[in-house]
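What follows is a set of notes on a single structure, which appears directly below.
In this chain, numbering begins with 1 at the start of the sequence shown. Values reported hereafter were calculated over all heavy atoms of this structure, with side chains retained and with hydrogens, waters and symmetry mates removed. None of these values were measured; they are calculated from a predicted model.
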Amino acid sequence: MKLLTNITHIETAISSIATRGARLERDIWVAAVSAMAHHAKHGDVTIVNKLVAAMPKGSRVNALRDFITCHGKVTFDEENQVFVHDKEGNFDLEGATAKSWTEFKPEPKYQPVDAAKLIAALAKKLNADRKEGDKVTKAQVQAVNKMAGDLGIDITTDQK
């Protein structure tokens with residue numbers, strides 16, 4: 001990887017990413033609606049699954065899956081991680097073309113990590129009455145309580 005060291009080159013790369021990203025989002029939308037239309041007409045869900053499998057690793061695959069599930073004549077098989085034909089479903093061309101797949105399942109807002117809150121919540125949960133099937137040992141509870149104490153985290157009250 002060769003780093004860009006000139007601000008003009010960095011800004012050019014950023015502009016290119018924005019342009020190519022918008023084009024890619026549109027291409028995915030067109031391919032998704034086309035694949036759903038093909039499936040609705042021919043009963044062949046393979047092309048829908050190929051599209052989802054082709055998505056780049058950094059893309060919002062769950063948003064695309066929600067879009068296809070909402071508008072396609074498919075259901076998503078969680079066990080096999082593929083779309084399957086839904087005999088009762090309908091292909092909603094109007095809905096699929098009215099709202100982009102990028103509007104589905106928005107990316108969650110970044111939540112900064114608050115170690116004190118996490119440790120306090122864990123200690124509270126471990127110190128509560130446990131149910132049958134919980135996999136918590138007395139030593140684990142003691143270790144979490146000690147860690148909270150060592151870090152000055154009061155586990156007797158809720159952390160705000």
Side-chain angles (χ1 to χ4, degrees), residues 1-126 128 130-137 140 143-144 147 159:
M1 173 188 303
K2 182 179 176 192
L3 299 182
L4 304 173
T5 56
N6 178 299
I7 191 70
T8 304
H9 294 153
I10 297 169
E11 287 176 343
T12 299
I14 292 168
S15 177
S16 174
I17 290 166
T19 302
R20 289 181 296 143
R23 190 170 42 240
L24 179 60
E25 287 175 355
R26 174 97 174 136
D27 289 349
I28 292 168
W29 188 11
V30 170
V33 176
S34 300
M36 289 186 291
H38 172 82
H39 166 252
K41 183 175 181 180
H42 302 286
D44 176 17
V45 76
T46 315
I47 198 78
V48 174
N49 286 314
K50 281 183 180 178
L51 170 62
V52 174
M55 293 292 287
K57 289 184 181 175
S59 64
R60 295 179 42 239
V61 176
N62 290 332
L64 181 61
R65 284 184 186 140
D66 282 358
F67 175 80
I68 292 169
T69 301
C70 179
H71 300 298
K73 190 178 169 121
V74 295
T75 56
F76 190 70
D77 178 351
E78 289 288 340
E79 185 177 329
N80 296 305
Q81 295 291 295
V82 294
F83 285 102
V84 293
H85 179 73
D86 181 357
K87 294 177 188 175
E88 305 298 318
N90 291 307
F91 171 51
D92 177 14
L93 176 62
E94 187 175 312
T97 56
K99 181 178 176 184
S100 171
W101 70 277
T102 59
E103 301 300 316
F104 282 70
K105 199 167 190 112
E107 187 172 0
K109 181 180 174 192
Y110 173 73
Q111 297 291 327
V113 174
D114 183 333
K117 273 187 171 180
L118 289 173
I119 293 167
L122 177 60
K124 182 178 179 180
K125 187 163 186 82
L126 294 179
R130 287 182 291 286
K131 307 288 185 243
E132 186 177 329
D134 285 350
K135 297 176 182 175
V136 180
T137 67
Q140 289 169 331
V144 170
M147 178 176 52
Q159 299 290 314

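For Arg60 (side chain) and Phe104 (main-chain N/O), a donor-acceptor pair under 3.5 Å exists by modelled atom type. At distances below 3.5 Å, not a single donor-acceptor pair connects side-chain atoms of Asn90 with backbone N or O atoms of Asp92. The backbone N or O of Thr12 sits nowhere less than 3.5 Å from a side-chain atom of Ser16 that would complete a donor-acceptor pair. Of the possible donor and acceptor atoms, none in the side chain of Ser15 sits under 3.5 Å from a partner among the backbone N and O of Glu11.
Across Phe91 and Lys73, no two heavy atoms sit closer than the pair N-CB, 4.2 Å. Residues Gln140 and Thr137 approach most closely at OE1-N, 2.7 Å, considering heavy atoms. The two residues Leu24 and Pro56 make their nearest non-hydrogen contact at CD2-CG, 4.4 Å. Val144 and Ile119 make their closest contact through CG1-O, 4.5 Å (heavy atoms, listed as atom of the first residue, atom of the second, distance).
Of the inter-residue distances, the one linking Ser100 atom OG with Leu64 atom CG reads 9.5 Å to the nearest 0.5 angstrom. Interatomic distance, Ile28 CD1 to Met55 CE, rounded to the nearest 0.5 Å: 3.5 Å. Residue Met36 holds its CE atom at 9.0 Å from CG of Leu51, rounded to the nearest 0.5 Å. Within the model, atoms CG of Asp66 and CH2 of Trp101 stand 11.5 Å from one another, a figure rounded to the nearest 0.5 Å. Here the CG atom belonging to Asn6 is positioned 8.5 Å from the CG atom belonging to Leu4, to the nearest 0.5 angstrom. The distance from the CG atom of Leu122 to the CE atom of Met147 is 6.5 Å, given to the nearest 0.5 Å.
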Atom pairs and distances, donor-acceptor, side-chain atoms in residues 81-88, under 3.5 Å, two or more places apart:
| from | atom 1 | to | atom 2 | distance (Å) |
| --- | --- | --- | --- | --- |
| Gln81 | NE2 | Glu78 | O | 2.6 |
| His85 | ND1 | His39 | NE2 | 2.9 |
| Asp86 | OD1 | Glu88 | N | 3.0 |
| Asp86 | OD1 | Gly89 | N | 3.3 |

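Scanning for side chain to side chain donor-acceptor pair (under 3.5 Å) contacts around Asp27 gives an empty result, with sequence neighbours left out. Taking the side chain to side chain contact (heavy atoms under 4.5 Å, CB included) definition, one finds that Leu118 meets it with Val113, sequence neighbours left out.
At least one cation-pi condition fails for Lys105 and Phe67: the charged atom is not both under 6.0 angstrom from the six-membered ring centre and inside a 45 degree cone around its axis.
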